[in-house]
Number of protein chains: 2
Amino acid sequence: MNIGTKLNTPNARDRFERLHAELRSRICLLDYPPGMRLSEQTLAEEFGVSRTPLRRVLVRLEGEGLLQSVQGVGTFVTDVEIEEMEQTYRLRLELAELTGRLDPVQPDAALWSEFLELAARSHALIGDPDPRHFAQINMDFFLALLRLTENEPLRDISERLYFRTARIWLKSIKASTIDMSEEAIVFNREVDDILTALKVGDLHAASLIQRAHISMSFNRMLKGVTTRQEAGGGSTKSVQVSEKS
Amino acid sequence: MNIGTKLNTPNARDRFERLHAELRSRICLLDYPPGMRLSEQTLAEEFGVSRTPLRRVLVRLEGEGLLQSVQGVGTFVTDVEIEEMEQTYRLRLELAELTGRLDPVQPDAALWSEFLELAARSHALIGDPDPRHFAQINMDFFLALLRLTENEPLRDISERLYFRTARIWLKSIKASTIDMSEEAIVFNREVDDILTALKVGDLHAASLIQRAHISMSFNRMLKGVTTRQEAGGGSTKSVQVSEKS
DNA sequence: TCAGGCGATGCTGTGCACAACAAAGTAGCT
DNA sequence: AGCTACTTTGTTGTGCACAGCATCGCCTGA
């Protein structure tokens, strides 16, 4: 599939963007879990390019805080500590509210249909609570909400911070510290509430709802980690490290 | 000087950081004005390295929105439109206040002495209003204020946005649309006011003062641009474009 | 048996030559 | 004279071979 899509990208810039989005997606969807070592050679062969253009993508991802390259050792998917994650979440709370306060714009027809489609997808999630599918819908919904503001710098940094925390959420889900069905129901309520606010054109209210749900989601994650530590007795390190082979 | 400092950076990572900081500084201090074309070959020779490691720096700077590379044409210093600049400034206002609200920390002895030194430097600025020197002090002061919060993601994005707007401010100064002496006096008052707030330990007040001054500074810039357009009659394009050669 | 050094191995980092590409200049045709 | 097509030139993008570096395993000596 990856090599096949290469034919659709004649110029270098589009190919770079595709590789970047693909690798970022794999990292955020935990296909490449935190701590995993990536091989430039292997990745280059998989995408049918040389190491040189691939390294350009890796440098970008390193600048976004998703990767870290060490000479003589390898390129690793970054892992974040719980403290920094909490800081990031507190900042994301403020930015979420800013989305409804700075340069808000009413959704157009295309965005509306996208929201409705997302509502349907999230509803179908209740019957089939697949973690990866869940994370994908969550990501798409977040990116759709971002289009409710015209403030491009705000969108940039919000997106940047989201991709930095998204995988942490999915990791908590996969670690079975949170009940998937319940999480799906809560997420559906979030989507419905936000869409209700959007229907009456109250973008600030929508952003406040989103902010509230981000806050509650983070608290559920914190509770899940604490519960697991109390129950299993495993160290925090064992939870964070995800070694391959 | 640049080749000489190379000896002090044995490993690749430090050299990368140095090159990155140096080029970013040159861009923000308008040594490389917006629209200017940079030659990879020339830069590589100046720093005594090959194009390959230099390109890594350029890719990073492109990710930060300071450069843009186009195949077959060249690498250009980006220019920002007035609309996006206004959005960025509105966002920076909010982030400045967040600095005093999210994880604030009292300055330690080292930071205090740095603030005092900055106050002295800014005071000396009144007698010698050199634009570049002014910009350097402004940058150092902003970075020092950023150390008043422990929230690292907030520091990252604030710094990111600052470096994206700093050169715009300096450009307005250099275009003689703003009175340098008056600007220096205003800046000294900002420094004094913020230091007064810091002395009584009111970090939130300090951040509010900073926010107010950022807002007023932007308004002075807007006014300066408007005045220039009314007086000279030059198009907005002529103000933004800075051609070399 | 254990400790220390030392070489093998594999990774990222670097330099160089060439390809892809765009823009400017130029010659030739109308 | 004006326009078109081609050539020339300079730039960024790519591929490849090698250097620098860290880690692991082995080997040697006490």
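Everything numeric in this text was worked out from a predicted model, so none of it was measured. Residue numbers start from 1 in every chain, and the chains themselves are labelled A, B, ... in the order their sequence lines are given, proteins ahead of strands.
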Close N or O pairs between protein and nucleotides 9-15 of chain C (under 3.5 Å):
from: C:dG10; atom 1: N2; to: A:G72; atom 2: O; distance (Å): 3.3
from: C:dT12; atom 1: OP1; to: A:L38; atom 2: O; distance (Å): 3.0
from: C:dT12; atom 1: OP1; to: A:T75; atom 2: N; distance (Å): 3.4
from: C:dT12; atom 1: OP1; to: A:T75; atom 2: OG1; distance (Å): 3.2
from: C:dG13; atom 1: OP1; to: B:R56; atom 2: NH1; distance (Å): 3.1
from: C:dG13; atom 1: OP2; to: A:R55; atom 2: NH1; distance (Å): 2.6
from: C:dG13; atom 1: OP2; to: A:R55; atom 2: NH2; distance (Å): 2.7
from: C:dG13; atom 1: OP2; to: B:R56; atom 2: NH1; distance (Å): 3.4
from: C:dG13; atom 1: O4'; to: A:Q71; atom 2: NE2; distance (Å): 3.4
from: C:dG13; atom 1: N7; to: A:R51; atom 2: NH2; distance (Å): 3.1
from: C:dG13; atom 1: O6; to: A:R51; atom 2: NH1; distance (Å): 3.1
from: C:dT14; atom 1: OP1; to: B:R15; atom 2: NH2; distance (Å): 2.3
from: C:dG15; atom 1: OP2; to: B:S50; atom 2: N; distance (Å): 2.7
from: C:dG15; atom 1: N7; to: B:T52; atom 2: OG1; distance (Å): 2.6

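- Checked against salt bridge (Lys or Arg N to Asp or Glu O under 4.0 Å), A:E40 has the following partners two or more places apart in sequence or in another chain: A:R51, A:R55.
- The interatomic distance linking B:L67 (CG) with D:dT12 (P) rounds to 11 Å, in whole Å.
- Listed by chain and number, the residues in a salt bridge (Lys or Arg N to Asp or Glu O under 4.0 Å) with A:E150 amount to none (sequence neighbours excluded).
- To the nearest angstrom, P of D:dT11 lies 11 Å from CD of B:E45.
- Residues satisfying the ring pair (Phe, Tyr, Trp, His ring centres under 6.0 Å) criterion with A:F187, sequence neighbours excluded, are A:F134, A:F141.
- Judged as a ring-ring contact (aromatic ring centres under 6.0 Å, His included), the pairs with a partner in residues 57-94 of chain A (not counting sequence neighbours) are, in order, A:Y89-A:F218.
- B:N219 pairs by the side-chain hydrogen bond (donor to acceptor under 3.5 Å, both in side chains) definition with nothing, not counting sequence neighbours.
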